[in-house]
Amino acid sequence: MYLIDYHTHSLLSPDSQEPLTAMAQAAVRSGLQELCVTDHYDLLDEQGKRRGPHDWASAVAQYDVVAAQAPNGFRLKLGMELGSAHVEPSYAAELTAHPRADFIIGSLHNWSVKQGGGDYYFTDYSTSDACYAALDDYFCQMEALAPLSDCYDVLGHIIYPLRYTNRDGQFPTLERYHDQLRRILRTAVEHGRGIEVNTYRGRTVAEWQEVLALYKECGGEIVTVGSDAHRAADVAGGVREAYALLADCGFRYVASYTRRKPEFHKL
């Protein structure tokens, strides 16, 4: 089995302090064949203000040093988790066209600009109304992101807000969003794009079954798996369990990427 972790963060992400060297070493110890570092760049900051330009230079420099030290048979890939690409699609497309980029996750971490643009993390989800307001906003934004196929290879952590609604003791369902999710997923499929199963460092695996069923219904086949690790200790968390879930849901392959082109590995 060809094991990958395609959602990880190093100290170049604002919410991680882990050197990429440590992340790669942990991947090797965990039995992975491939690791992709996908450090954050969100067009909006935590308060909803537009961030300054991104510079790939530090990411490339870090990657080159660690990739040169990788043992035989282990592949390290250079990626990015790009947040809120739909806020400025032309800049996002320019950013993701970097010739060294292997893989781009298209994510949403922030409320829409019309709702202030702050990070979903800081919202109080102690009421059902607050939960569904966030989910309404989130999926409307994802529907705007999905057609921007130059800006992503897979849609990232589609069930992201549930991390924080559950944190605050609320457990909303996605049933009311199924039609909207079908539109989003069909758009991704029609543009040759995929989705990820994000295990949230091993905390969310079974929760993906609902989305995977909808994705398969829409003809989706491209799936990556990522732990969303921000520490070496969390690399590969939930990856094997996610592979088992994919197989149970009828998927036959997991995808990795080189220069934005998918490669398929049997589960």
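Every heavy atom of this structure was used, including side-chain atoms; hydrogens, water molecules and symmetry mates were not. Keep in mind that what you see is a predicted model, and the values were worked out from it rather than measured.
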> Can you tell me if T199 and E241 form a side-chain donor-acceptor pair at under 3.5 Å?
Replying inline: no
> Is there any ring pair (Phe, Tyr, Trp, His ring centres under 6.0 Å) pair reaching into residues 190-212, and which pairs are they, with sequence neighbours excluded?
Replying inline: none
>> Ignoring hydrogens and geometry beyond distance, is a side-chain donor-acceptor pair present between D137 and S112 at under 3.5 Å?
In response: yes
>> Run the side-chain contact (heavy atoms from CB on, under 4.5 Å) test against A67 and tell me which residues pass, sequence neighbours left out.
In response: Y63, L76
> Do I158 and Y215 come close enough that some side-chain heavy atom pair is under 4.5 Å?
Replying inline: no
> Do the side-chain N and O atoms of D119 and H109 include a donor-acceptor pair separated by under 3.5 angstrom?
Replying inline: no
Donor-acceptor pairs under 3.5 angstrom involving side-chain atoms of residues 82-91: please list them, not counting sequence neighbours.
{"from": "H86", "atom 1": "NE2", "to": "Q141", "atom 2": "OE1", "distance (Å)": "2.9"}
{"from": "E88", "atom 1": "OE1", "to": "R50", "atom 2": "NE", "distance (Å)": "2.9"}
{"from": "E88", "atom 1": "OE1", "to": "R50", "atom 2": "NH2", "distance (Å)": "2.9"}
{"from": "Y91", "atom 1": "OH", "to": "H54", "atom 2": "N", "distance (Å)": "2.8"}

> Is the closest side-chain donor-acceptor distance between D168 and Q170 under 3.5 Å?
Replying inline: no
> At their closest point, which heavy atom of L11 faces which heavy atom of Q62, and how far apart are they?
Replying inline: CD1-OE1, 3.9 Å
> Which residue pairs satisfy the ring pair (Phe, Tyr, Trp, His ring centres under 6.0 Å) criterion with at least one member in residues 132-153, sequence neighbours excluded?
Replying inline: Y120-Y138, F139-Y177
>> If the threshold is 4.0 Å, N to carboxylate O, is there a salt bridge linking D42 and R51?
In response: no
> Would you say the side chain of V113 lies within less than 4.5 Å of the side chain of L44, judging by non-hydrogen atoms?
Replying inline: yes
>> I want to check something: taking the side chain as every heavy atom from C-beta on, are Y121 and R163 in contact at a cut-off of under 4.5 Å?
In response: no
> Between H178 and E210, is any side-chain donor less than 3.5 angstrom from a side-chain acceptor?
Replying inline: yes
> What heavy-atom pair brings V60 and H98 nearest, and what distance separates the two atoms?
Replying inline: CG2-CE1, 4.0 Å
> Under the side chain to side chain donor-acceptor pair (under 3.5 Å) test, which residues partner D124, sequence neighbours left out?
Replying inline: S126
> Salt bridge check: are R100 and D64 linked by an N-O gap of less than 4.0 Å?
Replying inline: yes
> Which pairs, with at least one residue in residues 247-267 and sequence neighbours excluded, count as a ring pair (Phe, Tyr, Trp, His ring centres under 6.0 Å)?
Replying inline: Y2-H265, F103-Y257
